[in-house]
Amino acid sequence: GSGIDASDPLKEAYGTTKIAEDIFTYLRAGGPAQDLRDLALTCKCEICCESPDSNGVLAFIEPIIDAVEKCVAICPEGNYFGATSTLDEVKSLAHRSLPLDPPKKGKRDEILHVAVVENEKGE
């Protein structure tokens, strides 16, 4: 779902939309996006950072930051996204972005063993 549908009984419970609203409010108030990125990089939990090359928090917030920054740059006072409000579109973007795709596993080699079995007649 969109995370913002008025008929969704869980609409108020989604953490994704709450995070998006906080990011939206922070950036619209002039907060630096780099502070959010730096904060995301401090996460070292097993859920968000399965490998040293991945950071699930950053992967989640980066599209939200990008969307809000585009909105602010192009249309500081208005409705860049065409939704009921810009905030609604940012909330929906955040809600659609989870779950993240799992990190790709490295290439692995497989060794296959083949056996030939013959009966007494050599067949």
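Residue indices begin at 1 and follow the sequence shown. Predicted, not measured: the structure shown is a model, and the values here were computed from it. We use all heavy atoms of the structure for the numbers below, so side chains are in, but hydrogens, waters and symmetry mates are not.
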(request) Measure the CG-CD1 distance between L36 and I65 for me, rounded to the nearest 0.5 Å. (result) 4.5 Å

(request) Could you check if a side-chain atom of D5 sits within less than 4.5 angstrom of a side-chain atom of K11, using non-hydrogen atoms only? (result) no

(request) Using modelled atom types only, decide if a donor and an acceptor are shared between the side chain of K18 and the backbone of E12 within a distance under 3.5 Å. (result) yes

(message) Rounded to the nearest 0.5 Å, what separates atom CG in D88 from atom CD in E21?
(response) 9.5 Å

(message) Rounded to the nearest 0.5 Å, what separates atom OG1 in T17 from atom CG in L93?
(response) 12.0 Å

(message) Looking at T25 and D22, would you say the former's side chain and the latter's main chain have a donor-acceptor pair under 3.5 Å?
(response) no

(message) How long is the straight-line distance from CZ of R37 back to CG of L41, given to the nearest 0.5 Å?
(response) 10.0 Å

(request) Would you give the length of the straight line joining atom CG of L27 to atom CD of E69, rounded to the nearest 0.5 angstrom? (result) 6.5 Å

(request) Quick one: pull up OH in Y14 and CD1 in I19 and give me the separation to the nearest 0.5 Å. (result) 14.5 Å

(request) Start with the C-alpha distance between V68 and Y26, add both sets of side-chain angles, then the distance that settles side-chain contact (heavy atoms from CB on, under 4.5 Å), and finish with yes or no. (result) CA-CA 10 Å; V68 176; Y26 176 78; over 6 Å; no

(request) Locate the shortest heavy-atom distance separating L10 from D8; write the atom from each residue and the value. (result) N-OD1, 2.9 Å

